[in-house]
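Some notes on the structure that comes next.
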Amino acid sequence: MRVLVTGGAGFIGSAVCRQLVLEAQASVVNVDKLTYAANLASLASIEGTSRYRFEQHDICDQEAITRLFYKWEPSGVIHLAAESHVDRSITGSAAFISTNIVGTYTLLEAARRYYDGLSSQRQRQFRFIHVSTDEVYGSLGPADCFREDTPYRPSSPYSASKAASDHLALAWYKTYGLPVIVSNCSNNYGPFQFPEKLIPLTILNAIEYKSLPVYGDGSNVRDWLHVEDHAAGLIRLLFEGRAGEKYNFGGDSERSNLEVVTRICDALDRLRPGPAARRSLISFVPDRPGHDARYAIDASKARSQLGWRPTRSFEQGLADTVEWYLASGTWWARARNMVYDGSRLGLPATQH
């Protein structure tokens, strides 16, 4: 099996590529534009293998993307390429509209034309996995969970652009018969995550004894899913997912943002003691506009139909992640020192 993975140099994409090559014994073509959050060093473990190839292209480039389908003749697509940081979408939304909506449209059209020319046997095997987020569902109250039939209520430019791309993907199934599957996941964490997201940003700031900003009062709740567990679920969709359907992936690990930050502080105090307890670095800052209160995923469909379940507890996964960042300064130093210095994003210009 040869799989075309878009955004394979990103956080989730690199985990998918590694698992496909090293565990599923599949061939991978990684298509990535190499924007600020991409890092080819995340793929060092498979870079020299015969089953891995890299192509640098923008998914909005229709000619290039169409050419790639006929060059590599994939039997499946896992579409992960996206602008994904809510704060950046608030500061500047244009890139999110372009990549997440126009890019997804371009990829769907290229896949449709390629799929129409396949033999009936190869058409039966082909799957287009469109990877999305639980943020398209909006905000939950203190009870209930997001299910596959939960109505969409996106709150940010990021989640609105992903909601639009989800609708496009399912429309290409219903109108054209392209065997699309849409997945929606809860917050991912783990090694190789670009340090603008909550967990890696907190880890690196705490290592360096910098302020640890927490939005509002820290009560916003997220469900946390280890990236390797998520990648395993996406690969199962290639083999066992039903075309035209949606699947939610969650970690059954709801935690408030403040609890996540304090756990990181305590872990670092144990592993690398410093001049003071790192909880003293926590500072509460103005909340993000439109900040959703709570996310929670009902992943029972993925469990029952795919036999998938998360294998890591949040406590162990977070501890392992902290240890990985402590041991991987070479990986994150460029992003930290040259690409993104950890300064506040996500406020309209008038509030800077």
Side-chain angles (χ1 to χ4, degrees), residues 11 36-37 39 83-92 135 139 155-158 187-224 227 253-295 314-315 317-352:
F11 172 46
Y36 75 94
N39 192 336
E83 294 287 342
S84 65
H85 190 37
V86 173
D87 285 2
R88 287 183 186 269
S89 81
I90 295 170
T91 302
E135 297 189 37
S139 185
S155 302
S156 68
Y158 162 62
N187 282 38
N188 279 216
Y189 73 100
F192 300 105
Q193 187 171 25
F194 186 79
E196 65 186 356
K197 300 294 179 76
L198 176 65
I199 287 178
L201 178 62
T202 299
I203 293 171
L204 299 189
N205 277 5
I207 288 173
E208 299 172 350
Y209 268 84
K210 295 181 177 179
S211 176
L212 306 180
V214 175
Y215 290 170
D217 60 3
S219 63
N220 301 75
V221 172
R222 300 293 181 261
D223 174 38
W224 292 95
V227 67
S253 298
E254 291 184 56
R255 302 289 187 280
S256 72
N257 289 346
L258 182 57
E259 181 180 353
V260 171
V261 172
T262 57
R263 282 184 177 274
I264 291 170
C265 290
D266 295 346
L268 280 169
D269 286 346
R270 291 192 302 272
L271 294 166
R272 185 175 290 183
R278 287 177 169 87
R279 289 193 182 202
S280 65
L281 302 172
I282 295 173
S283 62
F284 295 95
V285 299
D287 206 356
R288 167 196 294 164
H291 200 178
D292 292 330
R294 175 176 169 261
Y295 302 147
F314 179 70
E315 288 69 27
L318 184 63
D320 292 344
T321 300
V322 170
E323 291 188 18
W324 185 87
Y325 278 94
L326 282 172
S328 304
T330 301
W331 181 89
W332 54 258
R334 177 183 175 277
R336 182 71 166 177
N337 298 326
M338 298 174 61
V339 180
Y340 172 60
D341 63 5
S343 58
R344 175 73 193 270
L345 299 170
L347 292 176
T350 55
Q351 297 184 39
H352 286 181

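When reading the values below, keep in mind they use all heavy atoms of this one structure, side chains included, and skip hydrogens, waters and symmetry mates.
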- request: Not counting sequence neighbours, list each pair that qualifies as a salt bridge (Lys or Arg N to Asp or Glu O under 4.0 Å) and has a residue in residues 274-286.
  value: Asp266-Arg279, Asp269-Arg278

query: Are Arg222 and Tyr189 in a cation-pi contact, defined as NZ or CZ under 6.0 Å from the six-membered ring centre and within 45° of the axis?
result: no

Work out which heavy atom in [X] is nearest to a heavy atom in [Y]; give both atom names and the distance.
{"X": "Phe284", "Y": "Gly216", "answer": "CD2-O, 3.2 Å"}
{"X": "Asn188", "Y": "Trp224", "answer": "O-CZ3, 3.9 Å"}
{"X": "Trp332", "Y": "Ser328", "answer": "CD1-O, 3.0 Å"}
{"X": "Gly274", "Y": "Tyr209", "answer": "CA-OH, 3.2 Å"}
{"X": "Trp331", "Y": "Tyr325", "answer": "CZ3-CE2, 4.3 Å"}
{"X": "Ile90", "Y": "Pro289", "answer": "CD1-O, 3.9 Å"}

Would you give the length of the straight line joining atom [atom1] of [X] to atom [atom2] of [Y], rounded to the nearest 0.5 angstrom?
{"X": "Asp287", "Y": "Asn220", "atom1": "CG", "atom2": "CG", "value": "5.5 Å"}
{"X": "Ile282", "Y": "Leu212", "atom1": "CD1", "atom2": "CG", "value": "6.0 Å"}
{"X": "Gln193", "Y": "Phe11", "atom1": "CD", "atom2": "CZ", "value": "4.0 Å"}
{"X": "Glu83", "Y": "Tyr158", "atom1": "CD", "atom2": "OH", "value": "10.5 Å"}
{"X": "Leu201", "Y": "Lys210", "atom1": "CG", "atom2": "NZ", "value": "9.5 Å"}
{"X": "Leu281", "Y": "Ile264", "atom1": "CG", "atom2": "CD1", "value": "12.5 Å"}

Mark yes or no for whether [X], through its side chain, and [Y], through its backbone, hold a donor-acceptor pair below 3.5 Å.
{"X": "Thr202", "Y": "Val261", "value": "no"}
{"X": "Asn187", "Y": "Asp223", "value": "no"}
{"X": "Thr91", "Y": "Arg88", "value": "no"}

Phe192 vs Asn39, side chain to side chain contact (heavy atoms under 4.5 Å, CB included): CA-CA, chis, key distance, verdict: CA-CA 8 Å; Phe192 300 105; Asn39 192 336; over 6 Å; no

query: Can you tell which of Ile207, Leu271, Ile199 makes a side chain to side chain contact (heavy atoms under 4.5 Å, CB included) with Val322?
result: Leu271

Are any of the side-chain heavy atoms of [X] and [Y] separated by less than 4.5 Å?
{"X": "Glu315", "Y": "Ser253", "answer": "no"}
{"X": "Phe314", "Y": "Arg255", "answer": "yes"}
{"X": "Tyr36", "Y": "Glu196", "answer": "yes"}
{"X": "Leu268", "Y": "Leu326", "answer": "yes"}

query: Does a donor on one side chain sit under 3.5 Å from an acceptor on the other, for Ser219 and Ser256?
result: no

message: We want to know whether Tyr295 and Glu254 form a side-chain donor-acceptor pair, criterion being a heavy-atom distance below 3.5 angstrom.
response: no

statement: Sequence neighbours excluded, the answer for side chain to side chain donor-acceptor pair (under 3.5 Å) partners of Ser155 is Asp292

